[in-house]
Number of protein chains: 2
Amino acid sequence: MAKIKNKNNGTKKEVIVEAATRLFREKGFKAASMRDLAEAVGVEAASLYNHIQSKEELLQEICFKVANEFTQKVDEIENSDLTSIQKVEAMLRFHIRQMFHHYEMVIVADRDWKHLSDPYLSNFHSQRRVYRKRLAGIIEKGIAQKEIKPVDAPTVVLIMLHAVNGIESWHRSKEKISPKQLEENMVLIMIEGLKA
Amino acid sequence: MAKIKNKNNGTKKEVIVEAATRLFREKGFKAASMRDLAEAVGVEAASLYNHIQSKEELLQEICFKVANEFTQKVDEIENSDLTSIQKVEAMLRFHIRQMFHHYEMVIVADRDWKHLSDPYLSNFHSQRRVYRKRLAGIIEKGIAQKEIKPVDAPTVVLIMLHAVNGIESWHRSKEKISPKQLEENMVLIMIEGLKA
DNA sequence: GCGCAACTAACGGCCGTTCGTTTGTATATT
DNA sequence: AATATACAAACGAACGGCCGTTAGTTGCGC
């Protein structure tokens, strides 16, 4: 076997990345140490390097996995035959669901990507800008077609992308409404305010 | 003189706190070193300790200054005779303006408060929870009075508080719309979607 | 017995902070 | 007016500690 499997559901490197995701989300990339991570995995710090190249590689894996998922989704939505406002809603719902199911890596990517170093830093930064422009493009088309109120599209993108980060607080709050309810509330508030 | 003044506009400690605010915003609290800060102030690292007690004290000053400003504002608004929806709008506008004029300290407080240690950590955490509950209370009253759509109030608070963080990106973007335009766009999008 | 993955030990480096000293300057004394 | 005093605020050097990472070795499963 080239790679050993851990409990028949993935390589050890994947286990490490998952633990790193949780740890980085909790403490922040800089404040989380490789010794912390080793303890979470149940191993000595040096042993981690049998599976990974560096601490930054872990951050790279997290950031680009997140970036690729969002890029893939916007590819799909742009090529669909939904109306513009439906496309905006679909992207919003995707963001909300990613924050439900993979919020730890989404938050790490969003908060800690600046700790990447070049060329990954520029790469990620540029992917991020492109992604936001594509979202703004969808909204501008909707405005041109009078489906959406005449608002500043980049501002809408800023609001949407940051609003969903609030779901992080939801994850750790006591009296949670259901994911479905939260999603419908968010869509109601953010999308109704946009309709022409 | 008990405290010497620097260029007749404040103590040296204030100069240090301001430089720390910029540095923490840029690099993050953990990644910013006291030697970085010293260089920004134009002094050796050791000299900083003639004016401050510790690195964490700087974070404390930033976090509680921000917390106090928001607490003070919600005191004022709660006691005003505005309608509920007007109160929500007033708080939103205050958040937006704070993000225009003092965004660096607002962002540091929001992103790095977890690096405080007790008793400051619990203190800040509790202030934060109380603040959010007060905002949710305003919204719930508005719903009861049928000024506001029947939505989940804590969710609205999450959306509002996080949406304004998007203004950080605005600060560093090239093609900026004016602050006034941004404010009106944000209010339009977020408040119109709320009205019953 | 071969190879992967764990271990212990240690490296150089940066961290926040302390120490003891020097410097600059505002005030008091002659 | 010149000199002495006092003290805030700067400095260079160093501290113990944790950081990411490497080296060399041991042990275990095929």
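Below, chain A is the first sequence line, B the second, and so on; all start at residue 1.
Judged purely by distance below 3.5 Å, without hydrogens or angles, the side chains of T83(A) and Q86(A) pair a donor atom with an acceptor atom. Residues E76(B) and Q72(B) bring no donor and acceptor atom of their side chains to less than 3.5 Å of each other.
With ring centers used as reference points, W113(A) lies 6.0 Å or more from Y120(A).
As rounded to whole Å, 12 Å separates atom C1' of dC7(C) from atom NE2 of H51(A). Following rounding to the nearest Å, E57(B) (CD) and dG16(C) (P) show an atom-to-atom distance of 15 Å. Rounded to whole Å, atom C1' of dA8(D) lies 13 Å from atom CD1 of I16(B). Distance NZ (K13(B)) to C1' (dA9(D)): 15 Å, rounded to an integer number of Å. Here the P atom of nucleotide dA8(D) and the CD1 atom of I52(B) are 18 Å apart, to the nearest Å. Nucleotide dC14(C) holds its C1' atom 13 Å from the NZ atom of K55(A), rounded to whole Å. Going from atom OH of Y49(A) over to atom P of dT22(D) covers 7 Å, rounded to whole Å. Between the CD atom of E14(A) and the P atom of dA5(C) there is a distance of 13 Å, rounded to whole Å.
F70(A) and H95(A) have parallel rings, their planes meeting at less than 30° on a 0 to 90° scale where 60° marks the start of perpendicular. Relative ring orientation between Y103(B) and H171(B) is described as parallel, the plane-to-plane angle staying below 30° on a 0-90° scale split at 30° and 60°.
Heavy atoms of E44(A) sit under 4.0 angstrom from at least one base atom.
With dG12(D), dT8(C), dA10(D) as the candidates, the nucleotide lying closest to the side chain of V43(B) is dA10(D).
Look at S47(A) and you won't find any side-chain N or O under 4.0 angstrom from OP1 or OP2 of dA5(C). Listed pair K12(B) / dA8(D) fails the phosphate criterion, with no side-chain N or O lying under 4.0 Å from OP1 or OP2.
Results of the side-chain contact (heavy atoms from CB on, under 4.5 Å) test with R134(B) over V157(B), I77(B), V74(B) single out V74(B) as the only residue that passes.
The pair R128(A)-D110(A) meets the salt-bridge criterion, since a charged nitrogen lies less than 4.0 angstrom from a carboxylate oxygen.
Looking at N50(B), its side chain comes within 3.5 Å of the base of dA10(D) through a donor and an acceptor atom.
At a non-hydrogen distance threshold of 4.0 Å, R35(B) from residues 26-42 of chain B come into contact with DNA chain D.
Each of A45(B) and A45(A) lies near DNA chain D, and the nucleotide nearest A45(B) is the one positioned closer to the 5' end.
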